Amino acid sequence: MSSDLLEARLAKLRRLRELGHDPYGRRFPATLPSAIVRRKAEPLQLAPGATDDRARIRVAGRIVLLRDMGKLAFLHLRDADGDLQIGVSRRDVGDAAWELFKLLDLGDLLGVDGVLGRTKTGELTVWARSLTLLTKCLRPPPEKWHGLQDVDLRYRRRYVDLFVNPDVMRTFRARLTIIESIREYLRSLDFWEVETPTLQPLHGGAAARPFTTHHNTLDMTLFLRISPELYLKRLLVGGMERVFEISRNFRNEGISPRHNPEFTMLELYQAYGDLSDMMEITEGMIRAAINRIGGGAIRPFGVHAINFNPPFARRRYFDLLQEFAGVDGRDAAAVQARAASLNIPTQGMDDAIVINKVFEALVEPHLVQPTFVIDYPADLCPLTRRKPDDPSIAERFELYVACTELANAYTELNDPAVQRETFTRQLRGEGDETMRVFDEDFVMALEYGMPPAGGLGVGIDRLVMLLTNAPSIRDVILFPLQRPRAGADEAQHP
RNA sequence: GAGGGCGUAGCUCAGUCGGUAGAGCAACGGCCUUUUAAGCCGUGGGUCCUGGGUUCGAGCCCCAGCGCCCUCACCA
């Protein structure tokens, strides 16, 4: 960057030091968040132009707006809750503080001690009695009105994005609230929160390529988990009857508005339960999250209005294929023909994979409102129990919202013999052979006996996207993966 | 990995047919005690993403590269 902007601020920093101010200040206790200040102001019934001299108020935050009128100035101080107007009058603060004020810039972190009042136009204002520089900002912040728009810079300098764009802060605060509400809900159902390995000698529980790493002392290859599933089920064997984990998973696959190489997944398992329990929990959990973040059950998402009121629709996989693809999913030849008409390559692929490609192409675009898709072809579901009256159908649902998979659940397979067989079978057309790995120890665990159980996985990032109307997964992950950018100004980082 | 789009001042953006690089905000100097994107007067600020090429002359045209966004594929 051109160094004059930086130099101007450095010059002020030197001057501040000369005047005895620490440009990298210290503890500034007893401040109130701006939201609390606003709440406290209400019962005071301050008239426009009035001040209340009785109580001193201390606030701290970043200067995001500054209007200087010579001997009087207004500035907006931003904290994690929002903005608060500060009034600085030369008459009230004295010449020394005014000199300090003159050396402040947009972006500086400031502590204010003052009294509450309202301006002539009625805006709540803390009239400063003293000012304390808390940290000098050396770089000019982005424009006050448009903020930081460049998506690349927003992700690379999320710290700027957060203090400049209040919507971004709100989104991540909503993310926190959603996750909190899920924890609370599951705890209320007596689920135990557990932690299982991120570094795994075998990657299992999903079909995806893993990231590979190496442990030096043990001289062994390790994989970053693609899923915690097989460990959580081992805990069922051990007698933990209801467990959940909110885990960061890593998949070495493509990046898209709905995929980040690391993402957050909720997985839970309930002994002596099944698919129907998982449906109830899914609906209850989403309801709990919506109640906590507010905004109602009918929510905008892009061009859609999504109705999250339970119960969600339940639709059979083959019925949906019939309705939207006009094809009988059990008629392999008809499905092949449909796939061919869509230019979907089917060469050497198993029927189940072809069917699913047709489903993704023709059915998913219609699944806007929350829909439990049930009765999946068993071949697609290696860890799922089959229906007792029809072993070709798995007891599984996927929850679709806004044409995207949000959750996935099954009645868990606990028959070690069947598990051993499905582990060994690799479907043709299902990615490459690194995806399914035989986990002998997991089968042994099943041989000790895993209780019949229901299991559920929910993509937390996607849930947050849906509930905050975020178009990209990068909008709900604080530091999404970006390629490093070498540049003179950027130095080596990020 | 394939296709398409974008990259100009600290930020948000204009830039016509290839002919001296522009605005607003921010910055700097001055005025201003109730502003709401405050206002007024003045000043400075550019690796036009990078590297080649075409041309008398390139921000603009061509080639290559880098980064980001979108679509598709893998995946959730």
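Just so we're on the same page: letters track the sequence lines, and every chain starts at 1. Just so you know, these numbers come straight off a predicted model, no measurement behind them.
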Item to check | Stepwise side-chain hydrogen bond (donor to acceptor under 3.5 Å, both in side chains) check, Ser247(A) with Glu267(A) | outcome: CA-CA 8 Å; Ser247(A) 76; Glu267(A) 286 205 12; over 6 Å; no
Next on the checklist: Ignoring hydrogens and geometry beyond distance, is a side-chain donor-acceptor pair present between Asp475(A) and Tyr155(A) at under 3.5 Å?
Outcome noted: yes
Checklist outcome for this item: Rounded to whole Å, the CZ-C1' distance (Arg91(A) to U33(B)) equals 6 Å
Next on the checklist: Any carboxylate oxygen within less than 4.0 angstrom of a Lys/Arg side-chain nitrogen, looking at Lys12(A) and Glu7(A)?
Outcome noted: no
Next on the checklist: Side chains of Arg175(A) and Thr264(A): any donor to acceptor distance under 3.5 Å?
Outcome noted: yes
Checklist entry - Salt-bridged, Arg314(A) to Glu283(A), with N to O below 4.0 Å? => result yes
Item to check | Nearest-angstrom distance from the residue atom CG of Asn356(A) to C1' of A76(B) | outcome: 13 Å
Listing, residues 95-104 of chain A side-chain donor-acceptor contacts under 3.5 Å, not counting sequence neighbours, or none:
| from | atom 1 | to | atom 2 | distance (Å) |
| --- | --- | --- | --- | --- |
| Asp95(A) | OD1 | Arg90(A) | NE | 3.2 |
| Glu99(A) | OE2 | Arg15(A) | NH2 | 3.2 |
| Lys102(A) | NZ | Asp68(A) | OD2 | 2.8 |

Checklist entry - Think Lys144(A) has a side-chain N or O under 4.0 angstrom from the OP1 or OP2 of G10(B)? => result no
Next on the checklist: Any base atoms under 4.0 Å from Gly147(A), or only sugar-phosphate, or nothing? Heavy atoms, all strands.
Outcome noted: sugar-phosphate
Checklist entry - With Phe324(A), which residues qualify under side chain to side chain contact (heavy atoms under 4.5 Å, CB included), at least two apart? => result Leu320(A), Val363(A), His366(A)
Checklist entry - Atom CG of Leu6(A) to atom P of G44(B): distance rounded to whole Å? => result 22 Å
Next on the checklist: Just the rounded figure in Å: distance from C1' of G10(B) to CG of Asp4(A).
Outcome noted: 9 Å
Checklist entry - How many Å lie between CZ on Arg9(A) and C1' on A26(B), as a whole number? => result 8 Å
Item to check | side chain to side chain contact (heavy atoms under 4.5 Å, CB included) partners for Ile355(A), two or more places apart | outcome: Tyr317(A), Leu321(A), Val335(A)
Item to check | Position toward the 5' end of RNA chain B (nearest nucleotide), Thr125(A) or Met265(A) | outcome: Thr125(A)
Checklist entry - Could you state the CD-C1' distance from Glu262(A) to A76(B), rounded to the nearest angstrom? => result 15 Å
Item to check | Closest listed nucleotide, where the reference is the side chain of Ala206(A) and the choices are A76(B), U35(B), C13(B) | outcome: A76(B)
Checklist entry - Should Lys136(A) and Asp105(A) count as an ion pair when the cut-off is N to O under 4.0 Å? => result yes
Checklist entry - Ring of Phe74(A) versus six-membered ring of A38(B): centres under 5.5 Å and planes under 30°? => result no
Next on the checklist: Using OP1 and OP2 only, check whether a side-chain N or O of Lys102(A) sits under 4.0 Å from C28(B).
Outcome noted: no
Checklist entry - What is the distance from CG of Asp461(A) to P of A76(B), rounded to the nearest Å? => result 14 Å
Checklist entry - Do any of residues 63-73 of chain A sit with a heavy atom less than 4.0 Å from RNA chain B, and if so which? => result Leu65(A), Arg67(A), Asp68(A), Met69(A), Gly70(A), Lys71(A), Leu72(A)
Checklist outcome for this item: Looking only at U35(B), G10(B), C74(B), the nucleotide nearest the Glu253(A) side chain is C74(B)
Checklist entry - What is the nucleic acid contact for Gly254(A), judged by heavy atoms within less than 4.0 Å: base, sugar-phosphate only, or nothing? => result base
Between the protein and nucleotides 68-71 of chain B, list every N/O to N/O distance that falls short of 3.5 Å.
| from | atom 1 | to | atom 2 | distance (Å) |
| --- | --- | --- | --- | --- |
| C68(B) | OP1 | Arg483(A) | N | 2.8 |
| C69(B) | OP1 | Arg474(A) | NH1 | 2.7 |
| C70(B) | OP2 | Arg474(A) | NH2 | 2.9 |

Next on the checklist: Does A27(B) have its OP1 or OP2 closer than 4.0 Å to a side-chain nitrogen or oxygen of Lys12(A)?
Outcome noted: no
Checklist entry - OP1, OP2 of A76(B) versus side-chain N and O of Arg251(A): anything below 4.0 Å? => result yes
Checklist entry - Picking from C74(B), A26(B), C11(B), which would you name as closest to the side chain of Leu106(A)? => result A26(B)
Item to check | Sequence-distant partners of Asp92(A), side chain to side chain contact (heavy atoms under 4.5 Å, CB included), two or more places apart | outcome: Ser89(A), Arg129(A)
Next on the checklist: For a quick check under 3.5 Å, do Glu262(A) and Asn249(A) share a side-chain donor-acceptor pair by atom type?
Outcome noted: no
Checklist entry - Glu123(A) near the nucleic acid: base, sugar-phosphate alone, or nothing, with a heavy-atom cut-off under 4.0 Å? => result base
Next on the checklist: Base, sugar-phosphate or nothing for Asn260(A)? Non-hydrogen atoms, less than 4.0 Å.
Outcome noted: base
Next on the checklist: Applying a 4.0 Å non-hydrogen cut-off, can you work out what Trp127(A) is touching in the nucleic acid: base, sugar-phosphate, or nothing?
Outcome noted: base
Item to check | Ser89(A), nearest nucleotide to its side chain (from A76(B), C74(B), U33(B)) | outcome: U33(B)
Next on the checklist: Any base atoms under 4.0 Å from Lys120(A), or only sugar-phosphate, or nothing? Heavy atoms, all strands.
Outcome noted: base
Next on the checklist: Using whole Å, what does the distance between atom P of nucleotide A73(B) and atom CD1 of Ile255(A) come to?
Outcome noted: 17 Å
Next on the checklist: Judged by each residue's nearest nucleotide on RNA chain B, which is more toward the 5′ side, Gln149(A) or Glu398(A)?
Outcome noted: Gln149(A)
